[in-house]
Amino acid sequence: MSYQDRRSPDPLRRRRRTTPRQRALLELLKRDNHFRSAQQWHAELRTTVGVGLTSVYRILHQFAEQHVVETQRAEDGELLYRLRDTAEHYHNLLCRICGRAERFTLDALEHHTEHVARQYRYADVNHHLDLYGTCPDCAGVAQQE
Ligand SMILES: [Zn+2]
Ligand SMILES: [Zn+2]
């Protein structure tokens, strides 16, 4: 759900004082750019840091508000997180198995959104378009040279 066009300053630079748990989770996010649920991040984090699931939820929620992480719904509606590295508007093609994501934009959709908004005089119109599939690695397809 990174559908915001407002440009914000680099969130990592504006960060306030962080706790060791926040830093540990941030390091983990930097090493792995796949979308993962709070439970999955918690499972990885607790191998190195003693931390409860509730804390991981809270930290991820803070990171999302600070635009440090971006969020994306899984096919079943669960919220997934990964480190955010751009404020650009785009959509994700998400692997439902491993959380890998490919970014894309669709000019026709962007223009059509504006058109419909103008037509009905709606303000602040937003849109979501999520695509789900199985990535080549998870499908076991041999990489093409
Ligand atoms: Zn995959
Ligand atoms: Zn769009």
Side-chain angles (χ1 to χ4, degrees), residues 1-15 21-145:
M1 205 173 62
S2 49
Y3 312 107
Q4 89 165 31
D5 294 308
R6 278 168 301 167
R7 291 181 166 274
S8 49
D10 183 351
L12 297 176
R13 295 235 173 84
R14 280 189 314 136
R15 239 171 42 241
R21 283 170 179 172
Q22 287 175 324
R23 282 197 295 276
L25 182 52
L26 199 56
E27 283 309 308
L28 202 57
L29 286 158
K30 283 178 182 169
R31 285 202 303 270
D32 182 348
N33 73 341
H34 287 52
F35 276 103
R36 304 197 185 288
S37 67
Q39 287 97 326
Q40 288 170 323
W41 285 120
H42 174 244
E44 294 200 31
L45 190 62
R46 77 178 164 195
T47 61
T48 53
V49 184
V51 60
L53 179 58
T54 312
S55 296
V56 172
Y57 266 116
R58 197 178 56 239
I59 295 169
L60 284 169
H61 184 74
Q62 281 172 2
F63 280 175
E65 287 195 329
Q66 297 164 355
H67 305 299
V68 172
V69 297
E70 59 174 311
T71 57
Q72 163 80 45
R73 292 278 171 194
E75 235 171 346
D76 63 4
E78 186 172 23
L79 210 50
L80 309 176
Y81 306 82
R82 80 168 175 184
L83 196 69
R84 180 186 181 90
D85 60 8
T86 175
E88 302 285 319
H89 172 84
Y90 59 86
H91 301 276
N92 285 312
L93 166 58
L94 185 73
C95 177
R96 63 171 64 89
I97 296 170
C98 73
R100 172 175 150 183
E102 319 294 344
R103 290 174 181 167
F104 69 94
T105 55
L106 198 56
D107 286 346
L109 175 65
E110 311 306 330
H111 293 145
H112 197 65
T113 301
E114 284 173 34
H115 177 77
V116 172
R118 265 202 311 275
Q119 184 181 355
Y120 296 103
R121 298 186 200 167
Y122 275 47
D124 303 322
V125 172
N126 202 354
H127 64 257
H128 294 216
L129 175 70
D130 303 320
L131 300 181
Y132 301 93
T134 306
C135 79
D137 289 345
C138 290
V141 173
Q143 296 286 334
Q144 292 182 350
E145 292 295 301

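Read the numbers this way: they start at 1 and go in the same order the structure lists the ligands and their atoms.
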### Query
Of all N/O/S atoms in His91, which lies nearest to the Zn ion (ligand 2)?
NE2
### Query
Taking NZ, NE, NH1 and NH2 as the nitrogens, is one of them in Glu70 or Arg103 under 4.0 Å from a carboxylate oxygen of the other?
yes
### Salt-bridge criterion met for Asp137 and Arg100 (N-O under 4.0 Å)
yes
#### Entry: Rounded to 10 degrees, the angle OE1 of Glu110 makes with NE2 of His89 at the Zn ion (ligand 2)
80°
### Summary
The SG(Cys138)-the Zn ion (ligand 1)-SG(Cys98) angle, to 10°, is 110°
### Query
So, for Asn33 and Arg82, which heavy atoms are closest and what is the spacing to 0.1 Å?
O-CD, 3.1 Å
### Query
If you take all heavy atoms of Val49 and Ala24, which pair is closest and at what distance?
CG2-CB, 3.5 Å
